Amino acid sequence: MESPRSPEAEIGHRVEDLWEVAEPQLSPSEKLNSCFEDIAVASFPRPLGSKVIEIPSNASLADTVEILSKNKILSAPIRNVDAPEDASWIDKYIGIVEFAGIAMWLLYQSEAAANGTAGSAVGSPVANLVSRLGSFTFRRTSSGRVETTTDPESDETASVGGSFFETLTSSEFYKNTKVGDISGSFRWAPFLALQTSDTFLTMLLLLSKYRMKSLPVVDIGGDKIENIITQSSVVHMLAECVGLPWFESWGTKKLSELGLPLMKPCKLVKVNEDQPVLKAFQLMREKGVGGLPVMDTSGTKAIGNISIRDVQYLLTSPNIYKDYRTITAKDFLTAVRQHLHEQHEASPLLGSVITCKGDDEIKDIILKLDSEKIHRIYVIDDKGNTEGVITLRDIISKLVHEPRHYFGDFFDGVVPLPPNSTV
């Protein structure tokens with residue numbers, strides 16, 4: 001067998017060695033579980049030249065957005081500046097913040113101001129948020145997650161003029177609010193850290209079934225983050241394993257054989273090109289999805305994709321919308337693409353919608369997602385009509401399954417369990 005071509009491929013070779021000695025009576029699925037259970041996350045490669053980006057709890061919302069954008073990351077752990085220098089990671093980190101968390105917190109302020117509980121004077125950024133967006137209704141689900149609801153018959157609450165975000169991001173409110181002040185709100189993830197001795201199986205289940213976007217890795221008793229493992233890095237690892245027998249036995253299966261896409265066409269979350277772009281971000285939040293297609297006027301073909309990461313362009317480049325009376329989904333795509341061209345920045349938004357067919361093999365989907373650096377691919381029929389979506393999480397979820405009682409009390413008080421959990 002040829003030498004591994006990368007650290008990720010080396011992991012694939014370790015799985016291959018374990019695969020060959022696995023109990024013969026095990027099913028292929030059980031064999032994969034067994035292999036991943038025998039590999040510790042300490043061996044997961046850290047990207048070459050990368051460093052863990054941390055955000056101090058006293059950083060402003062503006063500073064936080066700038067740090068995330070500059071480093072081209074969607075989220076980062078928040079370091080508690082009040083913790084002593086010798087504090088363990090349990091006391092040193094208070095959560096993980098995402099672009100979308102900041103945006104949703106701002107929307108929450110509009111609801112608070114509308115109800116007269118935010119203490120915001122007329123003409124303040126928060127009050128302006130209310131006047132431009134209308135009143136949002138927030139509700140807390142049984143799992144503790146906060147969701148927004150708006151009038152489904154009207155998009156007026158999601159319509160804002162292009163100058164609005166420029167006003168908001170230049171306000172003292174945006175510049176002075178500390179990221180630590182919004183701890184625990186909206187798309188904040190808990191600081192659920194893996195220990196270096198935890199297994200790949202634990203990591204894969206948390207990133208798929210338990211919907212974690214990223215997982216910090218720490219040493220027992222350590223005071224710093226050793227690595228951060230994301231869904232994207234796992235799919236890159238799989239792409240590096242193409243050609244290995246264990247991978248080919250799974251990777252040559254067609255999407256339909258694996259039960260993908262998971263969502264029926266009628267359940268696909270989407271937005272029309274002439275709807276306000278904030279409607280897209282509202283739907284992502286309400287439906288718990290990380291992105292959605294922008295459909296043409298016929299409602300059958302996708303002309304673009306908007307993901308939760310793209311909310312950054314509302315906060316980092318608000319000047320590009322200043323000439324729009326309202327920002328539709330199509331306007332948003334047009335303005336951002338032009339901005340990226342002018343800045344000579346590479347981005348998935350610059351390309352056409354990435355698609356596949358239901359009879360494609362899963363390994364081809366993995367290679368396409370990895371090479372394009374995207375988080376979802378849309379399934380189309382023979383006429384080019386969009387009928388489904390496959391995400392990084394969907395792919396990882398088909399690689400392993402959760403053994404009964406596997407996590408025990410691991411999640412107590414940390415994250416809500418999925419409805420079909422066997423814990």
Side-chain angles (χ1 to χ4, degrees), residues 5-6 8-9 11-12 15-16 28-29 32-33 35-36 74 200 203-209 211-214 229-265 267-270 289-295 301-309 346-401:
R5 60 182 176 269
S6 67
E8 290 82 8
I11 296 293
V15 175
E16 184 63 31
S29 176
L32 273 181
N33 261 34
C35 293
F36 288 123
L74 303 181
F200 267 49
M203 175 260 290
L204 294 171
L205 288 171
L206 289 175
L207 289 175
S208 56
K209 185 172 182 177
R211 308 180 73 89
M212 300 299 292
K213 297 289 194 307
S214 61
I229 302 175
T230 65
Q231 293 175 344
S232 296
S233 61
V234 168
V235 169
H236 176 64
M237 180 198 74
L238 294 177
E240 290 293 292
C241 295
V242 170
L244 294 173
W246 76 266
F247 179 86
E248 293 296 318
S249 68
W250 175 76
T252 53
K253 293 183 182 297
K254 295 181 178 180
L255 298 179
S256 54
E257 292 181 79
L258 291 170
L260 295 173
L262 298 175
M263 189 179 296
K264 294 181 179 180
K267 297 293 186 179
L268 181 65
V269 182
K270 54 191 176 182
V289 297
L292 46 74
V294 178
M295 310 300 289
K301 293 181 173 61
I303 64 166
N305 173 80
I306 296 178
S307 69
I308 201 69
R309 75 171 83 181
S347 170
L349 277 174
L350 290 174
S352 57
V353 179
I354 307 300
T355 62
C356 64
K357 297 288 188 66
D359 58 358
D360 287 350
E361 293 181 351
I362 188 69
K363 73 173 181 179
D364 293 328
I365 306 305
I366 289 171
L367 290 171
K368 194 174 287 189
L369 288 168
D370 183 53
S371 65
E372 298 288 343
K373 306 303 178 190
I374 54 177
H375 290 191
R376 61 191 49 76
I377 186 170
Y378 293 103
V379 184
I380 59 173
D381 61 20
D382 292 335
K383 295 181 179 179
N385 297 324
T386 304
E387 57 180 19
V389 61
I390 296 172
T391 66
L392 302 181
R393 185 176 72 84
D394 295 337
I395 291 172
I396 300 171
S397 72
K398 294 299 180 179
L399 188 65
V400 293
H401 66 273

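Just so you know, residue 1 is the first one in the sequence shown, and it goes up from there. Everything quoted here is computed from the prediction, not taken from an experiment.
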Participant: What residues, two or more places apart in sequence or in another chain, satisfy side chain to side chain donor-acceptor pair (under 3.5 Å) together with Ser208?
Facilitator: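 Counting only residues at least two positions away or on another chain, Ser208 forms no side chain to side chain donor-acceptor pair (under 3.5 Å).
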
Participant: Between Cys356 and Leu255, which heavy-atom pair has the shortest distance, and what is it?
Facilitator: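 Residues Cys356 and Leu255, closest heavy atoms: SG-CD1, 3.9 Å.
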
Participant: How about Thr386 and Val379: do any of their side-chain heavy atoms sit closer than 4.5 Å?
Facilitator: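 A side-chain contact under 4.5 Å is absent here.
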
Participant: Looking at residues at least two apart in the chain, or sitting in another chain, which of them share a side chain to side chain donor-acceptor pair (under 3.5 Å) with Thr230?
Facilitator: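 Thr230: side chain to side chain donor-acceptor pair (under 3.5 Å) contacts with Ser233.
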
Participant: Minimum heavy-atom separation for Met237 and Ile11, please, with both atom names.
Facilitator: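 Of all heavy-atom pairs spanning Met237 and Ile11, the closest is SD-CG2, 3.7 Å.
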
Participant: If a pair satisfies salt bridge (charged side-chain N to carboxylate O under 4.0 Å, His left out) and one of its residues is in residues 349-366, list it, with sequence neighbours excluded.
Facilitator: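 Passing the test, one end in residues 349-366: Glu248-Lys363, Lys357-Asp382.
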
Participant: For Glu387, check salt bridge (Lys or Arg N to Asp or Glu O under 4.0 Å) against everything at least two apart and list the hits.
Facilitator: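 Salt bridge (Lys or Arg N to Asp or Glu O under 4.0 Å) check on Glu387 returns nothing, list empty.
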
Participant: Is Lys301 atom NZ crowded by more than 12 heavy atoms from other residues, nucleotides or ligands, each under 6.0 Å away?
Facilitator: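 Enclosed: over 12 neighbouring heavy atoms sit under 6.0 Å from NZ of Lys301.
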
Participant: Going by the rule side chain to side chain contact (heavy atoms under 4.5 Å, CB included), which residues pair with Asn305 if we only count those two or more places apart in sequence or in a different chain?
Facilitator: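 Result, side chain to side chain contact (heavy atoms under 4.5 Å, CB included) vs Asn305: Ser307, Arg376, Tyr378.
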
Participant: Heavy-atom distance under 4.5 Å between the side chains of Met212 and Ile229, does that happen here?
Facilitator: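 Met212 does not reach Ile229 side chain to side chain.
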
Participant: How many angstroms lie between NZ in Lys253 and CG in Leu260, if you round to the nearest 0.5 Å?
Facilitator: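 Answer for the NZ-CG pair, Lys253 versus Leu260, is 12.0 Å.
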
Participant: Nearest 0.5 Å, what's the CG-CD distance between Leu369 and Gln231?
Facilitator: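 Reported value, rounded in 0.5 Å steps: 11.0 Å.
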
Participant: Donor-acceptor pairs under 3.5 Å, side chain of residues 348-355 to any protein atom, not counting sequence neighbours: which ones?
Facilitator:
none

Participant: Students often mix this up, so state it plainly: with edges at 30° and 60°, are the rings of Phe36 and Phe200 parallel, tilted or perpendicular?
Facilitator: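 Phe36 and Phe200: parallel rings.
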
Participant: The test is side chain to side chain contact (heavy atoms under 4.5 Å, CB included); show your working for Val234 and Met203 and say whether it passes.
Facilitator: CA-CA 10 Å; Val234 168; Met203 175 260 290; 3.7 Å; yes

Participant: Holding to side chain to side chain contact (heavy atoms under 4.5 Å, CB included), I want the full list of residues that pass it with Ser371, two or more places apart in sequence or in another chain.
Facilitator: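 Partners of Ser371 under the side chain to side chain contact (heavy atoms under 4.5 Å, CB included) test: none.
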
Participant: Could I get the full list of salt bridge (Lys or Arg N to Asp or Glu O under 4.0 Å) partners for Lys254, not counting sequence neighbours?
Facilitator: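 Lys254: no salt bridge (Lys or Arg N to Asp or Glu O under 4.0 Å) contacts found.
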
Participant: List for me each residue that meets salt bridge (Lys or Arg N to Asp or Glu O under 4.0 Å) alongside Asp370, sequence neighbours excluded, and say none if there are none.
Facilitator: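 Asp370: salt bridge (Lys or Arg N to Asp or Glu O under 4.0 Å) contacts with Lys373.
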
Participant: Taking side chain to side chain contact (heavy atoms under 4.5 Å, CB included) as the test, write out the residues that go with His375, two or more places apart.
Facilitator: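 Counting only residues at least two positions away or on another chain, His375 forms a side chain to side chain contact (heavy atoms under 4.5 Å, CB included) with Leu74, Ser232, Arg309, Leu392.
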
Participant: CD1/Ile366 to CD1/Ile390 distance, rounded to the nearest 0.5 angstrom?
Facilitator: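 One finds 10.5 Å between CD1 of Ile366 and CD1 of Ile390.
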
Participant: Between Leu204 and Leu399, which heavy-atom pair has the shortest distance, and what is it?
Facilitator: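 Taking Leu204 first and Leu399 second, the nearest heavy atoms are CD1-CD2, 4.2 Å.
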
Participant: Do Cys241 and Val15 have side-chain heavy atoms sitting under 4.5 Å apart?
Facilitator: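 With C-beta onward as the side chain, the pair stays apart.
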
Participant: Under a 4.5 Å cut-off applied to non-hydrogen side-chain atoms, are Val289 and Val389 in contact?
Facilitator: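 The answer is no; the side chains never approach within 4.5 Å.
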
Participant: Work out which heavy atom in Pro293 is nearest to a heavy atom in Leu268; give both atom names and the distance.
Facilitator: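 What the structure gives for the nearest pair is CG-CD2, 4.3 Å.
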
Participant: Which residues pass the salt bridge (Lys or Arg N to Asp or Glu O under 4.0 Å) test with Lys270, sequence neighbours left out?
Facilitator: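 Scan of Lys270 (salt bridge (Lys or Arg N to Asp or Glu O under 4.0 Å), adjacent residues dropped) gives none.
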
Participant: Just checking, any donor-acceptor pair under 3.5 angstrom between side chains of Ser397 and Asp394?
Facilitator: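 Per modelled atom types, Ser397 and Asp394 side chains form no pair under 3.5 Å.
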
Participant: Short question: side chain of Trp250, backbone of Ser29 - any donor-acceptor pair under 3.5 Å?
Facilitator: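 No: the side chain of Trp250 does not pair with the backbone of Ser29.
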
